[in-house]
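Keep in mind that what you see is a predicted model, and the values were worked out from it rather than measured.
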Amino acid sequence: MPDNRAFETERLICRPFLLSDADDMLRNWASDPDIQTEYGEPVYSDITQVTGLLNEYTQGTKSHYRWAIIEKSSGENIGQIAFCKVWDDCLTAEIEYCIGKRFWGKGYAGEALSALIRYTFENTAFERLEAYHRAENTKSGRVLEKSSMHKTDIVQRFVREGISPEGEVCYCINKYESNI
């Protein structure tokens with residue numbers, strides 16, 4: 001089911017990662033603890049570490065369903081959007097995203113999220129997309145609130161782990177709800 005072609009919005013290109021993204025990633029988001037810890041990723045302190053991550057993104061197990069978010073006006077990699085979990089048995093994927101602080105407040109995360117939802121339902125067999133944020137992560141919460149996704153009681157991650165969300169706010173959208 002992998003399909004990780006590029007897709008675009010008015011201001012963004014979301015495309016598979018390239019090894020040449022390393023400098024932008026390190027400068028714009030991968031070295032920032034405030035960004036990386038918000039979605040449970042390690043903080044990268046040098047270009048060698050980021051290049052190692054990019055090798056996984058371009059060749060390894062993390063290569064499918066992961067897109068670099070490129071700002072068209074500058075050509076910079078300003079973040080990423082990805083399916084951090086995929087459950088093929090129920091055609092469901094969980095979305096994660098991050099945007100570098102310098103680019104916050106411009107609507108880029110919401111723009112990328114809306115485009116990913118459309119892209120997914122038009123080009124893959126997935127029938128449901130899910131996301132969640134920690135309640136204290138209000139920036140991510142605002143992105144999800146403004147999206148076409150809606151709150152739900154639970155997402156597959158918690159079902160599979162046999163736990164209830166505590167402190168997390170869950171969202172989802174089904175293909176039939178997306179008007180695609």
Side-chain angles (χ1 to χ4, degrees), residues 2-86 93-120 123-124 129-149 157 168-169 171:
D3 187 331
N4 63 338
R5 294 174 287 167
F7 55 94
E8 294 188 30
T9 72
E10 183 179 329
R11 303 178 299 161
L12 304 172
I13 298 169
C14 298
R15 60 152 171 78
F17 278 87
L18 304 172
L19 292 176
S20 59
D21 286 320
D23 288 331
D24 285 350
M25 285 175 61
L26 186 62
R27 180 179 56 257
N28 290 330
W29 53 274
S31 63
D32 189 328
D34 292 336
I35 293 171
Q36 293 298 94
T37 55
E38 284 298 333
Y39 71 107
E41 292 293 321
V43 177
Y44 297 89
S45 58
D46 62 55
I47 201 70
T48 303
Q49 292 175 325
V50 173
T51 301
L53 177 64
L54 276 169
N55 281 326
E56 289 181 42
Y57 283 4
T58 59
Q59 302 167 21
T61 59
K62 295 184 177 184
S63 63
H64 298 298
Y65 306 122
R66 184 171 300 278
W67 298 266
I69 300 174
I70 309 301
E71 181 185 49
K72 285 182 179 179
S73 64
S74 68
E76 284 188 69
N77 176 318
I78 64 168
Q80 73 163 328
I81 192 162
F83 295 159
C84 56
K85 296 279 185 184
V86 171
E94 180 183 307
I95 299 169
E96 71 176 6
Y97 48 85
C98 75
I99 298 286
K101 281 183 187 170
R102 221 170 20 107
F103 306 93
W104 286 0
K106 297 181 181 186
Y108 287 150
E111 191 172 321
L113 177 59
S114 293
L116 178 60
I117 291 168
R118 174 173 289 289
Y119 172 82
T120 299
N123 295 285
T124 74
L129 295 175
E130 300 177 336
Y132 74 92
H133 68 91
R134 290 189 332 275
E136 61 271 8
N137 184 352
T138 57
K139 287 176 180 48
S140 189
R142 282 194 299 276
V143 171
L144 291 169
E145 286 170 7
K146 293 177 182 179
S147 78
S148 58
M149 300 178 88
R157 172 187 295 262
E168 293 90 8
V169 182
Y171 286 79

Any donor and acceptor pair, going by atom type alone, linking the side chain of [X] with main-chain N or O of [Y] inside 3.5 Å?
X	Y	value
Gln36	Asp32	no
Asp24	Leu26	no
Asn28	Asn77	yes
Tyr119	Ala6	no
Thr9	Leu12	yes

Salt bridge flag under 4.0 Å for residues Asp21 and Arg15
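Salt bridge: yes.
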
Is Arg11 salt-bridged to Glu111, cutoff N-O under 4.0 Å?
yes

Counterpart residues, side chain to side chain donor-acceptor pair (under 3.5 Å), relative to [X] (two or more places apart):
X	result
Asp46	none
Glu96	Arg66
Lys72	Glu8
Thr51	none

Any idea which heavy atoms bring Gln49 and Ser45 closest together, and the distance?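 Closest approach of Gln49 to Ser45, heavy atoms only: OE1-N, 2.5 Å.
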
Which atoms form the tightest heavy-atom contact between Val43 and Ser31, and what is the distance?
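Looking at all heavy atoms of both residues, the shortest contact is CG1-O, 3.3 Å.
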
Between [X] and [Y], is any pair of side-chain heavy atoms under 4.5 Å apart?
X	Y	answer
Leu129	Thr120	yes
Tyr132	Val169	no
Glu41	Ile35	no
Phe7	Ile13	no
Asn55	Leu19	yes
Glu145	Tyr171	yes
Ile69	Ile99	yes
Ile117	Ser148	yes

| request: Would you check, one step at a time, whether the test side chain to side chain donor-acceptor pair (under 3.5 Å) holds for Tyr97 with Ser140? | output: CA-CA 9 Å; Tyr97 48 85; Ser140 189; 2.8 Å; yes

[atom1]/[X] to [atom2]/[Y] distance, rounded to the nearest 0.5 angstrom?
X	Y	atom1	atom2	result
Asp34	Cys98	CG	SG	12.5 Å
Leu54	Met25	CG	CE	4.5 Å
Arg142	Asn137	CZ	CG	9.0 Å
Cys14	Ile70	SG	CD1	8.5 Å
Asp23	Glu76	CG	CD	10.5 Å
Lys139	Trp104	NZ	CH2	5.0 Å

*Can you list the steps and then say if Val143 with Leu113 is a side chain to side chain contact (heavy atoms under 4.5 Å, CB included)?*
CA-CA 8 Å; Val143 171; Leu113 177 59; 4.0 Å; yes

Legend entry - Crowding at CD, Glu10 (>12 non-hydrogen neighbours, <6.0 Å):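 No, because the 6.0 Å sphere around CD of Glu10 holds 12 heavy atoms or fewer from other groups.
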
Practice task
Decide if atom NZ of Lys106 counts as having more than 12 heavy atoms of other residues, nucleotides or ligands within a radius under 6.0 Å.
Solution key: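 Yes.
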
Quick note, ring-ring contact (aromatic ring centres under 6.0 Å, His included) partners involving residues 10-33, not counting sequence neighbours, are Phe17-Tyr57

Sorted by chain and residue number, the salt bridge (Lys or Arg N to Asp or Glu O under 4.0 Å) partners of Glu94 (sequence neighbours excluded) come out as Arg157

Assess the residue pair Ile95 and Ile81 against the criterion (side chain to side chain contact (heavy atoms under 4.5 Å, CB included)); give the C-alpha distance rounded to whole Å, side-chain angles, the decisive distance to 0.1 Å, and a yes or no. CA-CA 7 Å; Ile95 299 169; Ile81 192 162; 4.1 Å; yes

Between Tyr108 and Glu71, is there a side-chain donor-acceptor contact under 3.5 Å, judged purely by atom types and distance? yes

